[in-house]
Amino acid sequence: MILSQKYSLEDEKENFAILRFIFYTLLLFFVKTQYIASYSQLPKQLWLPTGIFQIFNEPIVFNPQAFIYIDIIWKGLAIFCASGWEFRIFSKIFFVLTFILFNISHNYGYQTHTNMPLVLASFALAFCGNHRIFCVRALFCAVFLSAGLSKLRNGGLDWITTENLQNVLVRSQIYYHDLHPLAHKVRLNIIFAKLPLFLNFSAAFIVIIELISPLALLSKRFRLWGVLLLLVSQIIIYFTIYVNFAAYLVLYAFWIDWSRVHKYLYRFTIGQIGYYD
């Protein structure tokens, strides 16, 4: 029992070490901070602070030159966290800086909904101790659950039974005509818009899978296909509504047991070489 417990703890430690590296490294790749400096050019009348930022009477303004150094600090903290060096300290500093930077746009009315789950995930990694991986998974499920509830709250069953999704697909061709050229070449939105009955079933399916997403925390059987379906749905959204959820790949990584992946790769690479030797 002691040996098996020690083994499981080592597995968990290895899994988190790999996830830590993946999370903070992919943040550097997917999340761009440069646009935040551009908000300093907006009139201060547009500053409408929300939440904790209501304590600031004046907008938070970053000088573009100063922001270069802030960006270097942010990336340096991400590298420290990825390496695990003084993780308990640097992960907390990283979250505070990230929270401030990516909430500035919210106070100007721009909701960076593809980035905020990553900000909250950095909070879980910094403050949730041995439950970090579970908390990130719970956050993942909460994001999709809230998306499903929001659809029903704002549109009701009409979101499913009417031509709502069809209208969204057509509008996206106009609103996002200058985004993601690869998706525009495929033109799935135009193809699907001609299939109204299919869209009604698709809308119902999306809402259902979002509402039951928390089952992934409780059922291993649901976890595999449930998370995969959410991933497929976001890929389809990219090719139809042109919303890029690539940053969410960082969160999907937390559903993989990387210690098992490492052992599997070792067995069929280094292990095989040792066997033949």
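Quick caveat: nothing in here was measured; it's all calculated off a predicted structure. All values below come from the heavy atoms of this structure, side chains included, with hydrogens, waters and symmetry mates left out.
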*Should Leu197 and Leu188 be counted in the same cluster of Ile, Leu, Val, Met, Phe, Trp and Tyr side chains packed under 4.5 Å apart?*
no
*Output, in order, the C-alpha distance, side-chain angles, deciding distance and verdict of side chain to side chain contact (heavy atoms under 4.5 Å, CB included) for Phe67 and Leu101.*
CA-CA 10 Å; Phe67 189 81; Leu101 290 178; 3.8 Å; yes
_Please tell me whether Ile235 and Leu26 are part of a single hydrophobic cluster in this structure, the criterion being side-chain heavy atoms less than 4.5 Å apart._
yes
_Ile89 side, atom CD1; Leu77 side, atom CG - distance, nearest 0.5 Å_ = 11.5 Å
*Indicate, with yes or no, if the rings of Phe87 and Phe16 have centres closer together than 6.0 Å.*
yes
*Give the cluster check for Ile191 versus Ile237: same hydrophobic cluster or not, with ILVMFWY residues linked at side-chain heavy-atom distances below 4.5 Å.*
yes
*Remaining members of Leu48's ILVMFWY cluster at a side-chain heavy-atom cut-off under 4.5 Å?*
none
_Looking at every heavy atom in both Leu211 and Gly148, which two are closest together, and how far apart are they?_
CD2-C, 3.8 Å
*Considering only heavy atoms from C-beta outward, does the side chain of Ile52 approach that of Phe99 to under 4.5 Å?*
yes
*Do you know which two heavy atoms are closest between Arg223 and Leu217, and how far apart they sit?*
NH2-O, 3.8 Å
*Kindly state each residue pair satisfying salt bridge (Lys or Arg N to Asp or Glu O under 4.0 Å) with at least one member in residues 195-214, sequence neighbours excluded.*
Lys151-Glu210
_Linked, directly or transitively: Ile209 and Trp159 (ILVMFWY side chains, under 4.5 Å)_ = no
_Is there a side-chain contact between Val31 and Phe102 in this structure, where contact means two heavy atoms from C-beta onward sitting under 4.5 Å apart?_
yes
*Identify, with sequence neighbours excluded, every residue that meets side-chain hydrogen bond (donor to acceptor under 3.5 Å, both in side chains) alongside Thr162.*
none
*Please report the C-alpha distance between Trp225 and Phe222 in whole Å, then the side-chain angles of each, then the deciding distance to 0.1 Å, and finally whether the side chain to side chain contact (heavy atoms under 4.5 Å, CB included) criterion is met.*
CA-CA 6 Å; Trp225 63 266; Phe222 174 82; 3.2 Å; yes
*What ring pair (Phe, Tyr, Trp, His ring centres under 6.0 Å) pairs are there with at least one residue in residues 197-221, not counting sequence neighbours?*
Phe192-Phe198
*Fellow cluster residues of Leu224, listed by chain then number, with links counted only when side-chain atoms sit under 4.5 Å apart*: Leu228
*hydrophobic_cluster_shared for Ile206 and Leu215, side chain cutoff 4.5 Å*: no
_Close side-chain approach of Pro59 and Asn107, heavy atoms under 4.5 Å_ = no
*What closest approach, in Å, do Leu145 and Pro214 show between heavy atoms, and which atom pair accounts for it?*
CD2-CG, 4.0 Å
*For Tyr264, what residues pass the side-chain hydrogen bond (donor to acceptor under 3.5 Å, both in side chains) criterion, not counting sequence neighbours?*
none
*Check whether any side-chain N or O of Ser172 sits under 3.5 Å from a backbone N or O of Thr240 as a donor-acceptor pair, and report yes or no.*
yes
*Quick check: does any side chain N or O of Lys92 sit under 3.5 Å from a backbone N or O of Arg88, one acting as donor and the other as acceptor?*
yes
*Separation between CD1 of Ile236 and CD1 of Ile241, rounded to the nearest 0.5 Å*: 10.5 Å
*Who are the ring pair (Phe, Tyr, Trp, His ring centres under 6.0 Å) partners of Trp74, not counting sequence neighbours?*
Phe94
*Which salt bridge (Lys or Arg N to Asp or Glu O under 4.0 Å) pairs, counting each pair once, include a residue from residues 158-171, with sequence neighbours left out?*
none
_For the student: nearest non-hydrogen atoms of Ala78 and Tyr24, plus distance_ = O-CB, 3.4 Å
*Carefully, step by step, assess Phe239 and Asn189 under the rule side chain to side chain contact (heavy atoms under 4.5 Å, CB included).*
CA-CA 7 Å; Phe239 283 101; Asn189 59 324; over 6 Å; no
*Looking at CD of Glu86 and CD1 of Ile93, how far apart are the two atoms once the value is rounded to the nearest 0.5 Å?*
10.0 Å
_Under 4.5 Å side-chain linkage, directly or through intermediates, the cluster mates of Ile72_ = Ile68
*Hey, could you give me each pair passing salt bridge (Lys or Arg N to Asp or Glu O under 4.0 Å) that has a residue in residues 41-53? Not counting sequence neighbours.*
Lys44-Glu58
_Leu218 CG: over 12 foreign heavy atoms closer than 6.0 Å_ = yes
*What's the shortest heavy-atom distance between Asn15 and Ser259, and which atoms?*
OD1-N, 3.7 Å
Indicate every side-chain donor-acceptor pair of residues 124-144 with a distance under 3.5 Å to a residue at least two apart or in another chain.
from, atom 1, to, atom 2, distance (Å)
Arg132, NE, Gly129, O, 2.8
Arg137, NE, Phe254, O, 2.7
Arg137, NH2, Phe254, O, 3.0

*If you round to the nearest 0.5 Å, how far is CZ of Phe245 from OH of Tyr252?*
9.0 Å
_Sequence neighbours excluded, every pair satisfying salt bridge (Lys or Arg N to Asp or Glu O under 4.0 Å) that has a member inside residues 63-74_ = Asp71-Lys75
_Straight-line distance of Ile160 CD1 to Leu199 CG, nearest 0.5 Å_ = 12.5 Å
_With side chain to side chain contact (heavy atoms under 4.5 Å, CB included) as the criterion, how do Ile22 and Val250 come out once you've worked through the C-alpha distance, each side chain's angles and the decisive distance to 0.1 Å?_
CA-CA 7 Å; Ile22 292 173; Val250 181; 5.8 Å; no
*With under 30° as parallel and over 60° as perpendicular, where do the rings of Phe80 and Phe90 fit, or are they tilted in between?*
tilted
_Please give me the minimum heavy-atom distance between Pro43 and Tyr108, naming the atom from each residue._
O-CE2, 4.1 Å
*When you look at CG of Leu157, are more than 12 heavy atoms from neighbouring residues, nucleotides or ligands closer to it than 6.0 Å?*
no
*Any chance you could measure Phe95, atom CZ, to Ser122, atom OG, to the nearest 0.5 Å?*
5.5 Å
*asked:* Within the structure provided, determine whether Ser213 and Leu230 are in side-chain contact (heavy-atom separation under 4.5 Å).
replied: yes
*For Phe21, does the CZ atom have more than 12 heavy-atom neighbours from other residues, nucleotides or ligands under 6.0 Å away?*
no
